[in-house]
There are 2 protein chains.
Amino acid sequence: MIETLATKTGARPVVLDLPVDLGSSLPTGATKLAVEILGRRIANDAYRPGEVMPTEPELAESLGVSRTTVRDAIKVLSGKGMVRTARRYGTRVRPVEEWNLLDADVAAWHDPTHPRLQVMFAETTELRGIIEPQAAGLAAERATGEQIAAIVEAAYAMHPQSGAVEDLFAADCTFHATILDATGNLLMRQLRPIILTMLWISYEYGVLAKSQEPVSRDGHIAVAEAIRRRDAAGARAEMSQMLELNRRTAAQTMQDGPTG
Amino acid sequence: MIETLATKTGARPVVLDLPVDLGSSLPTGATKLAVEILGRRIANDAYRPGEVMPTEPELAESLGVSRTTVRDAIKVLSGKGMVRTARRYGTRVRPVEEWNLLDADVAAWHDPTHPRLQVMFAETTELRGIIEPQAAGLAAERATGEQIAAIVEAAYAMHPQSGAVEDLFAADCTFHATILDATGNLLMRQLRPIILTMLWISYEYGVLAKSQEPVSRDGHIAVAEAIRRRDAAGARAEMSQMLELNRRTAAQTMQDGPTG
DNA sequence: CATTTCTTTAGATCACATGTAAAGGCCCGA
DNA sequence: TCGGGCCTTTACATGTGATCTAAAGAAATG
């Protein structure tokens, strides 16, 4: 059954594991698989917004699971804003604007070649350009000693030559996630999933592999050092600059498609 | 049963209806009520983080619904990051940091006197101070004619003397929501729920009732006019100023507690 | 005898099956 | 055009077995 389900999802192999918990909180087992299958289908336009999905018995039949499991799966998707259900109305895909795009799963379910993913990447980049510099500024003012240490360590750990891509990626995740945490603002923390997911996507696209690393590492270090010396304005400026550089590199690289 | 459930939720009467759909996408009927009851209990510390909630049969018994309904409700709460379930582990409340605080329900479930609500209000205000000025700037560059018209109309509609608080509130919601939409960035739109919810809370606290209206209206108009003349820098500055004023008024007012 | 480690068991959710209730469109007739 | 029955589809209820984990208990060890 695993093979069957894996085939049905069309899941590509996951290259990198996120070093931090995104709080996905999905169920495990059959329901999780059903959620992924249906989520991927919706994300990749197998069912389009406004369209009525097959009925519960039909989905149960075609997925080889019980109606209960289908219902549970649909409920999860409903919680992410992807579908709406009602009696006699059926289960319909909601317009993309209603989707919980900050959810890591929703982004990750898209095929790497899906145009929407690039749109989302661009929009995330725009949002990051607004949020992260200010977050770095707040972190410079409020970060605890431990947080500063973690940020600095992560920045210096980004040796492109020294290790595997996984280590770079882990350090990058820690860097950005810790800065968001260090603002002490829990709402900032809510942006972690989408930021880390986009980070993951950009790694999959090989953004970091294309000779950007030394510059990127210097940028990270500049931000970290500004935070260490409690220089809010400096942290903001350095983060801005780093993100702009990253944006340009990403825009160039993503045209070529994924390398993973 | 309605009475019973209403009593059990401890729900306070809702004073204002949001003029826009927050996309709550909660199920309707018994499950919705069960979600609200349990959600309110968790939000108001009836069950504390780390604590094990009653078992499914116990909750079904005490709520007067079936196990299925309880399970569905818990699944919704799980999707909002408020609880985690596992076999033998029980259903436990997750730490507040994991909660989906951008979710309108999570915020709205808090009792008006709950200290966390004031923290969330402060954090939302901080986030708004970062996001909304930039959003106004983007809106100035990208808004469609219709959106500009809606923003301008909403701003001028904020006549404090002319009508009921409901109308003011509706105009305020339209104003902020449309600006976020006008950025054309779907991720910005995801911030609508929490912003509108906090707007709602501030109205409940009577922030607008305390002689702030004329100034606030002028601020809204200034932003709207800047957007109309495609003055991004002006829109940013005016929005910044307006939010800062709002922040100060809110901080002062919320000490007195809700008026509704 | 105290302490650590291993094993067992109880208890809770998960997954599934199936049946009934209710609600919301759809169609037909007036 | 509008109103009232159908009929489809999800919502809710209940029962059963499987599975997993945390904690209690047993055994081995210092």
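All values derive from a computational prediction rather than experimental measurement. Order of the sequence lines fixes the chain letters, A, B, ..., with proteins taken first and strands second; residue numbering starts at 1 for each chain.
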Visitor: Does Arg67(B) make a side-chain donor-acceptor contact with the base of dT14(D), cut-off 3.5 Å?
Guide: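 No.
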Visitor: For Arg71(A), is there an ion pair with Glu56(A) - N to carboxylate O distance below 4.0 angstrom?
Guide: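 Yes, Glu56(A) and Arg71(A) are salt-bridged.
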Visitor: Measuring from the side chain of Arg87(B) (C-beta onward, heavy atoms only), which nucleotide among dT10(D), dA12(C), dA17(C) has the closest atom?
Guide: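 Nearest to the side chain of Arg87(B) among the choices is dA12(C).
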Visitor: Tell me: NZ of Lys75(A) to P of dC14(C), nearest whole Å?
Guide: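 Taking atom P of dC14(C) as the reference, NZ of Lys75(A) is at 14 Å.
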Visitor: Between CD1 of Ile131(A) and CE of Met188(A), what distance do you get to the nearest 0.5 Å?
Guide: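 Going from the CD1 atom of Ile131(A) to the CE atom of Met188(A) covers 5.5 Å.
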Visitor: Can you say whether the rings of Tyr203(A) and Phe169(A) are parallel (under 30°), tilted (30 to 60°) or perpendicular (over 60°)?
Guide: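 Aromatic pair Tyr203(A)/Phe169(A) classed perpendicular.
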Visitor: So what does Thr55(B) touch, heavy atoms closer than 4.0 Å: a base, only the sugar-phosphate, or nothing?
Guide: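 If one applies the 4.0 Å heavy-atom cut-off, Thr55(B) turns out to touch the sugar-phosphate alone, with no base involved.
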Visitor: Select from Ser66(A) and Ala86(A) the residue whose nearest nucleotide in DNA chain C is closer to the 5' end of that strand.
Guide: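 Mapping each residue to its closest nucleotide by heavy atoms, the 5'-most match is Ser66(A).
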Visitor: At 4.0 Å (heavy atoms only), tell me whether Thr69(B) reaches a base, stays on the sugar-phosphate, or touches nothing.
Guide: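 Sugar-phosphate, no base atom in range.
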Visitor: Phosphate oxygens OP1/OP2 of dA12(C): is one of them under 4.0 Å from a side-chain N or O of Thr85(B)?
Guide: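 Thr85(B) to dA12(C) OP1/OP2: no side-chain N or O under 4.0 Å.
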Visitor: Which nucleotide in the list dT13(C), dA11(D), dC12(D) gets nearest to the side chain of Arg71(B)?
Guide: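 Within the option list, the nearest is dT13(C).
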Visitor: Report which part of the nucleic acid Tyr89(A) touches: base, sugar-phosphate, or nothing (heavy-atom distance under 4.0 Å, all strands).
Guide: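 Tyr89(A): no heavy atom of the nucleic acid under 4.0 Å.
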Visitor: CD of Glu56(B) versus P of dT19(D): gap in Å, rounded?
Guide: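 Checked: the CD to P distance equals 18 Å.
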Visitor: With hydrogens left out and only the distance checked, is there a donor-acceptor pair under 3.5 Å joining Thr68(B)'s side chain and the base of dA13(D)?
Guide: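 Check passes, donor-acceptor contact within cut-off.
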Visitor: Can you tell me how far C1' of dC12(D) sits from CZ of Arg88(A), to the nearest Å?
Guide: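 In whole Å, dC12(D) C1' and Arg88(A) CZ are 20 Å from each other.
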Visitor: Separation of Arg92(B) atom CZ from dC20(D) atom P, in whole Å?
Guide: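 The distance from CZ of Arg92(B) to P of dC20(D) comes to 18 Å, rounded to the nearest Å.
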Visitor: Sequence neighbours excluded, which residues qualify as salt bridge (charged side-chain N to carboxylate O under 4.0 Å, His left out) partners of Arg142(B)?
Guide: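 For Arg142(B) the salt bridge (charged side-chain N to carboxylate O under 4.0 Å, His left out) partners, ignoring immediate neighbours, are Glu126(A).
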Visitor: Determine, for Tyr89(A) and Arg92(A), whether the Lys NZ or Arg CZ falls below 6.0 Å from the six-membered ring centre while staying within 45 degrees of the axis.
Guide: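 Here Arg92(A) passes the 6.0 Å and 45° test against Tyr89(A).
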Visitor: I need the CG-C1' distance between Asp72(A) and dA17(C), as an integer number of Å.
Guide: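 Interatomic distance, CG of Asp72(A) to C1' of dA17(C): 13 Å.
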